[in-house]
Number of protein chains: 2
Amino acid sequence: MPRAGLSPAALVDVALEELDAGGGPLSISAIAARAGVKPPSIYKHVAGLAELEALVGARIYDDLGHELEAATAGLERADAARAFLHAYRAFAVRHPERYRALPVHPLGHPLLEAAGERVLGIAARAVDGLSGDDAIHALRALRAAAHGFATLEAAGGFGLATDVDASFDRLVDRLVAP
Amino acid sequence: MPRAGLSPAALVDVALEELDAGGGPLSISAIAARAGVKPPSIYKHVAGLAELEALVGARIYDDLGHELEAATAGLERADAARAFLHAYRAFAVRHPERYRALPVHPLGHPLLEAAGERVLGIAARAVDGLSGDDAIHALRALRAAAHGFATLEAAGGFGLATDVDASFDRLVDRLVAP
DNA sequence: GGCGCAAGGCTAATCCAATTAGCCAACCCC
DNA sequence: GGGGTTGGCTAATTGGATTAGCCTTGCGCC
């Protein structure tokens, strides 16, 4: 029996394929099958399903963070907030299954905290320039709107034909209005 | 062995208790235990876990719908939208476990469609007076903001001490601004 | 007042995913 | 080319969902 060349990172890759393939929630058996290995072998690389899910979440937060970083680099204030919102939504639209797999509350989980904080930090930078509580309020509004819209869209929740881009633009305009 | 007096509705009651008690996702065994019955007995009343979850979701949407209805009754335009948003958030804060158990996308599921449409209808009434696409855009913004804020708050996602009520009020103001 | 029968419990059994135990080959380093 | 570690595997355990089939309860009806 030849080695399969697995590793935690490789398993995360496989899990992302599995997610993208749309088969609902992750399972050890499905991932093992896709990796060409028997289920127990998975445990040589990760502690169990919970840890693998966390690693997958961390990877997705990382990817999202990089895209948000790139989109907001060099921008400030309203421009940064706009870019943040658009990049956030774009990610969810491009990878709906991955977005759905993201734990809502990464902070407090050892494997997710770092990546989650990075995303939050980028959002915080987008409301820079506001003072004290104003920044907090703006940050929360940004998160709520971005997450709410992304969730509904990733779930296929906008049934009507009316242009969703336009709806999003309206929402963004309201949020970043002076 | 005396009868336990179960019924689909009674099982939904039990499931809600179980949810409120915080034990994560619903399970047939947990519900059976709480109902004082063995797991197989559950199947005399509902088809399986999936159906029970759907019935629970429908009940929660119903309750939410009633509260939204009561909160927006007699109001129009911005007043209705404000009332809708505040009642929506209040529900999620009062019953975070129930809010988390709500399927994001009720439409298209036979058992959830009716209750889901009712909630959507109330939101639609809150943006009445806008014409055509404007109403759609406003409705989507309302849903996204309400759901996003409720989700984050129900997940414990707002860590800082800064007043969350104030943050929500700011967001509402932005959304209903003329 | 008792009979017939559906409804609603139960036990036993099945299936399937997660996980653990313990074996053994493959690979790496010397 | 031997020794230890790594990473597969098979077999076994556990626990939840679900199904099959039995048996009593309780109600309607004679």
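The structure displayed is predicted, hence computed values, not measured ones.
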Worksheet item: What is the distance, rounded to the nearest whole Å, between atom CG of A/L6 and atom P of C/dA26?
Response: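 Roughly 17 Å, once rounded to whole Å.
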Could you list the donor-acceptor pairs under 3.5 angstrom formed between side-chain atoms of residues 21-32 of chain A and any protein atom two or more places apart in sequence or on another chain?
| residue | atom | partner | partner atom | Å |
| --- | --- | --- | --- | --- |
| A/S27 | OG | A/A30 | N | 3.0 |

Worksheet item: Going by the ring-ring contact (aromatic ring centres under 6.0 Å, His included) test, which pairs reach into residues 28-81 of chain A, not counting sequence neighbours?
Response: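 Matches after skipping sequence neighbours: none remain.
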Item to complete: Hey, could you give me each pair passing ring-ring contact (aromatic ring centres under 6.0 Å, His included) that has a residue in residues 140-178 of chain B? Not counting sequence neighbours.
Response: B/H86-B/F168, B/Y99-B/H147, B/F149-B/F158, B/F149-B/F168
Distance-only donor-acceptor pairs under 3.5 Å for side chains of residues 124-134 of chain B, two or more places apart:
| residue | atom | partner | partner atom | Å |
| --- | --- | --- | --- | --- |
| B/R125 | NH1 | B/E69 | OE2 | 3.2 |
| B/D134 | OD1 | A/R170 | NH1 | 3.0 |
| B/D134 | OD1 | A/R170 | NH2 | 2.8 |

Worksheet item: Going by number, which of residues 20-34 of chain A have a non-hydrogen atom under 4.0 Å from DNA chain C?
Response: A/S27, A/I28, A/S29
Worksheet item: Sequence neighbours excluded, which residues qualify as salt bridge (Lys or Arg N to Asp or Glu O under 4.0 Å) partners of A/D62?
Response: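 So A/D62 forms a salt bridge (Lys or Arg N to Asp or Glu O under 4.0 Å) with A/R118.
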Practice prompt. With sequence neighbours left out, write down each residue that passes side-chain contact (heavy atoms from CB on, under 4.5 Å) with A/A101, or none if nothing qualifies.
Written response: A/L19, A/I60
Identify the pairs formed between an N or O of the protein and an N or O of nucleotides 5-7 of chain C at a distance under 3.5 Å, and give each distance.
| residue | atom | partner | partner atom | Å |
| --- | --- | --- | --- | --- |
| C/dA7 | N3 | B/R3 | NH2 | 3.0 |

Worksheet item: B/H95: what forms a ring pair (Phe, Tyr, Trp, His ring centres under 6.0 Å) with it, not counting sequence neighbours?
Response: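 Residues passing ring pair (Phe, Tyr, Trp, His ring centres under 6.0 Å) with B/H95: B/F91.
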Discussion item. So for the helix from C/dG1-D/dC30 to C/dC30-D/dG1, with five pairs setting each end axis, what is the inter-axis angle to 10°?
Written reply: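 Terminal axis comparison yields 10°.
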Tell me, do [X] and [Y] make a side-chain contact under 4.5 Å, heavy atoms counted?
X      : Y      : answer
A/V56  : A/L11  : no
A/L160 : B/R140 : yes
A/V93  : A/V164 : no

Item to complete: Would you indicate whether B/R94, at its atom CZ, is surrounded by more than 12 heavy atoms from other residues, nucleotides or ligands within a distance under 6.0 Å?
Response: yes
Worksheet entry | Any pair counted as salt bridge (charged side-chain N to carboxylate O under 4.0 Å, His left out), so long as it reaches residues 149-164 of chain B, sequence neighbours left out |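 Only B/R89-B/E153 qualify under salt bridge (charged side-chain N to carboxylate O under 4.0 Å, His left out).
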Worksheet item: Looking at DNA chain D, which of residues 36-49 of chain A put a heavy atom within less than 4.0 Å of it?
Response: A/V37, A/K38, A/P40, A/S41, A/K44, A/H45
